[in-house]
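A quick write-up on the structure given underneath.
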Amino acid sequence: MGRQLTEEEIVNGTYDAIKHGEIYAVFQPQINHSTGRMVGAEALMRWRHPQLGMQFPAEFIAVLEAYDLIFEADLHMFEEVCKLLKHCMENNLPLVPISCNMSRYDIFQHDYVDRIEEIRKKYDIPVKYLRIEITESSAIGGMEGLKTALQKLHSYGYLVEMDDFGSGYSSLNILKDLDVDIIKLDMRFLDGNIGGRGGTIISSVVQMTKWLNTPVIAEGVETADQADYMESIGCYYIQGYLYSQPLSKDEFIEKLKTVDHEPMNEALNFVRAVDAGEFWDPNSMETLIFSNFVGAAAVLSYQNGELEILRVNKKYIRELGMNMDERSLINTNPWTSLDEDNKRIYENAIKRAIESGEEETCETKRVLCSKSCGDTEFWIRADIRVIGRAGDQYLLYTMIKNITSEKEKLLRIEENDRKLMAAGDQANVYAWEYYFSNKEMRPCFRCMRDLNLPPVIENYPEPLFENGVFPEDYREMYYNMLRELEEGRESSEAVIPLTVGRIPFHVRYTTEFDEAGKPLKAYGSAVMVVDEK
């Protein structure tokens, strides 16, 4: 490499360098580290002087900005990108979106947005293949002007990337005020150390961007350890020397031919009924409803078997019946309250909700520990629905009900029923259950064995009249008996001749009610009447 151009030589030589192709574009691929597929590329400006050789971008770009020459250079770069994309389209080559840098001088001193739109139309390039990249420092020239430019870019259909996020002194304010579509994190932020305080901050930034529907690209990734770390915290998109140095136009075209491609996913796609900004805004109507008007509710994150509590309302904590605060509950790993069988039940419900897109319900036994209550065992009925997705991460909305007393009551009844059926098998007793909601009858083993009945009888008792187990002349009486039970009668009994032999049996029903007092099912039994004469 020869010497570097002086400031005067840069200023005087810029237009000729553009004209003769000495200022040109190179392309650095952006790769999904999980799949190895290309999701895009960035066009970078280079200057090769015919006598002095390659020039340092940091030095000549600063001069171009200082002398208001960057505008022409940036337009030249944008046109070079359009020429490349046009070549790919005409030759049926694969296409990926390419990012072009926009200087703050382009915005505040020129009509950059309208000019690039003219160039795009000139080459007839679909806008989805062109992205505009700004730096955090672009806001220094005036936030309102930058916001106006971004609105105009979005109106034309361009996606906007924010480069060097975190390098400025007011990153969060800028991110709050600017509607950017993609964020680029410079790996220099880690200062060579994976993890530590820098890693904690980057991990938090990646998580935060998911709620903003904003994908993240890690820029400057040089090692597999760096890429693996970024993937572990949810950042899959990589740009850097690990995968490729910046490539010339011809080299990049060859890369397009040999590498698989895929679109870049949004960080977190909320379902249409949920607006991310409103959902997380503490003053929004969504938060007001979540906190005060819905039942016991929580928001969970599920990814590759890992479950995390993100948000709960006070009713959720009260429903658990534990003396815990929101912070303690959120810091608890939800899986630790479930044994393996109940974890499997809950996780299967989550998977069903993911597959169906509908609300799914499950009942699980849990054990929670608090300082005041110690270990407490209880039963929870959970309704689960997916409200957002980012790749393999799912945002879940769940509402719960503590059904411990109901479950314990049912378990006692079932245990008594098992004992009754076991005793009945030794005596001349038949037993069964009748469910009012679906008119199903579930007979005991003795019923199935002696009367040749299936495990479940639908539309009960009609099939038993049809096969002669119940006599036809008792049809009206038997239906009336069931109707009275369904209307709330606690018990009913009668002597009925059963089977084709018309053997008299003492038939008795006892009704079980739910917590609201509504008849749930009836327990039936039939004991042969013994003639003592």
Side-chain angles (χ1 to χ4, degrees), residues 24-46 77-78 80-101 120 123 125-133 157-165 180-187 206 209-210 213-269 389-393:
Y24 61 98
V26 294
F27 305 89
Q28 189 166 35
Q30 297 162 341
I31 305 294
N32 183 335
H33 184 58
S34 297
T35 64
R37 295 172 179 169
M38 192 186 307
V39 296
E42 180 184 359
L44 301 166
M45 190 183 298
R46 296 291 185 263
M77 292 290 293
F78 188 86
E80 289 297 297
V81 170
C82 287
K83 288 179 180 178
L84 169 66
L85 292 170
K86 189 68 172 179
H87 171 81
C88 292
M89 292 167 61
E90 291 176 343
N91 291 276
N92 294 319
L93 299 176
L95 283 84
V96 294
I98 299 178
S99 306
C100 301
N101 288 280
R120 184 190 71 81
Y123 291 93
I125 305 298
V127 71
K128 66 180 180 179
Y129 293 116
L130 291 161
R131 295 177 182 154
I132 303 302
E133 189 167 309
Y158 294 93
L159 295 183
V160 179
E161 300 178 0
M162 178 183 283
D163 195 15
D164 295 335
F165 179 76
V180 297
D181 304 290
I182 298 170
I183 287 175
K184 299 184 75 174
L185 286 172
D186 197 320
M187 291 299 290
V206 171
T209 59
K210 292 180 179 180
N213 295 349
T214 310
V216 180
I217 300 174
E219 189 174 24
V221 177
E222 297 181 352
T223 69
D225 286 343
Q226 290 177 330
D228 291 343
Y229 174 75
M230 295 307 294
E231 181 184 17
S232 73
I233 61 173
C235 176
Y236 305 99
Y237 303 126
I238 301 298
Q239 179 180 336
Y241 276 75
L242 172 65
Y243 279 103
S244 177
Q245 63 182 354
L247 304 173
S248 68
K249 175 182 175 180
D250 291 339
E251 291 171 332
F252 184 66
I253 289 174
E254 289 303 311
K255 191 85 168 179
L256 286 173
K257 295 177 182 178
T258 57
V259 176
D260 290 334
H261 313 89
E262 66 179 52
M264 185 179 293
N265 294 319
E266 291 183 9
L268 184 64
N269 298 312
R389 178 177 182 176
D392 56 4
Q393 181 185 20

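In what follows, every heavy atom counts, from backbone to side chain, and hydrogens, waters and symmetry copies are set aside. Because the structure is a prediction, the values reported are computed rather than measured.
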Rounded distance (nearest 0.5 Å) linking atom SG of Cys100 with atom OH of Tyr158 | 9.0 Å
Parallel, tilted or perpendicular: ring planes of Tyr243 versus His33, cut at 30 and 60 degrees = perpendicular
Walk me through it: do Asn101 and Met45 pass the test side chain to side chain contact (heavy atoms under 4.5 Å, CB included)?
-> CA-CA 9 Å; Asn101 288 280; Met45 190 183 298; over 6 Å; no
Val26 and Pro246: which non-hydrogen atoms are nearest, and at how many Å?
-> CG2-CB, 3.6 Å
Nearest heavy-atom neighbours spanning Met230 and Ile238 = CB-CD1, 4.4 Å
Note, Tyr237 side chain near Ser34 side chain (heavy atom, < 4.5 Å) = no
Close side-chain approach of Met38 to Leu256, heavy-atom, < 4.5 Å | yes
Decide yes or no on side chain to side chain contact (heavy atoms under 4.5 Å, CB included) for Leu130 and Phe78, but give the supporting numbers first.
-> CA-CA 9 Å; Leu130 291 161; Phe78 188 86; 3.7 Å; yes
Taking the side chain from Arg120 and the backbone from Ile125, do they hold a donor-acceptor pair closer than 3.5 Å?
-> yes
Taking every heavy atom of Asp181 against every heavy atom of Leu159, the minimum-distance pair comes out as OD2-CA, 3.3 Å
Is the closest side-chain heavy-atom distance between Tyr129 and Leu84 below 4.5 Å?
-> no
Arg46: what forms a salt bridge (charged side-chain N to carboxylate O under 4.0 Å, His left out) with it, not counting sequence neighbours?
-> none
Taken to the nearest 0.5 Å, the spacing of Ile31 CD1 from Glu262 CD works out to 9.0 Å
Between atom OG of Ser99 and atom CD of Glu133, what is the distance when rounded to the nearest 0.5 Å?
-> 5.5 Å
Short side-chain to backbone donor-acceptor contact, Lys184 and Glu219, under 3.5 Å | no
Considering all heavy atoms of both residues, which atom of Cys235 and which atom of Ala218 are nearest to each other, and what is their separation?
-> SG-N, 3.9 Å
Taking all atoms of both residues into account, what is the closest heavy-atom pair of Ser244 and Pro29, and its distance?
-> OG-CD, 3.5 Å
So how far is it from Ile182 CD1 to Glu161 CD, rounded to the nearest 0.5 Å?
-> 4.5 Å
From CG (Leu185) to CG (Asp163), nearest 0.5 Å | 10.0 Å
Answer yes or no: does atom NZ of Lys128 have more than 12 heavy-atom neighbours from other residues, nucleotides or ligands under 6.0 Å?
-> no
Partners meeting salt bridge (charged side-chain N to carboxylate O under 4.0 Å, His left out) with Glu222 (sequence neighbours left out) = none
Using only heavy-atom distances, determine whether the side chains of Glu42 and Gln28 contain a donor-acceptor pair under 3.5 Å.
-> no
Mind checking salt bridge (charged side-chain N to carboxylate O under 4.0 Å, His left out) for Lys83 and listing every partner two or more places apart, or none if nothing turns up?
-> Glu80
Compare all side-chain heavy atoms of Pro97 with those of Gln30 and state whether any distance is below 4.5 angstrom.
-> no
For Leu242 against Ala224, the heavy-atom pair lying closest together = CD1-N, 3.7 Å
Do Phe27 and Val81 have side-chain heavy atoms sitting under 4.5 Å apart?
-> yes
With rounding to the nearest 0.5 Å, note down the distance linking CD in Gln245 to CG in Leu247.
-> 6.5 Å
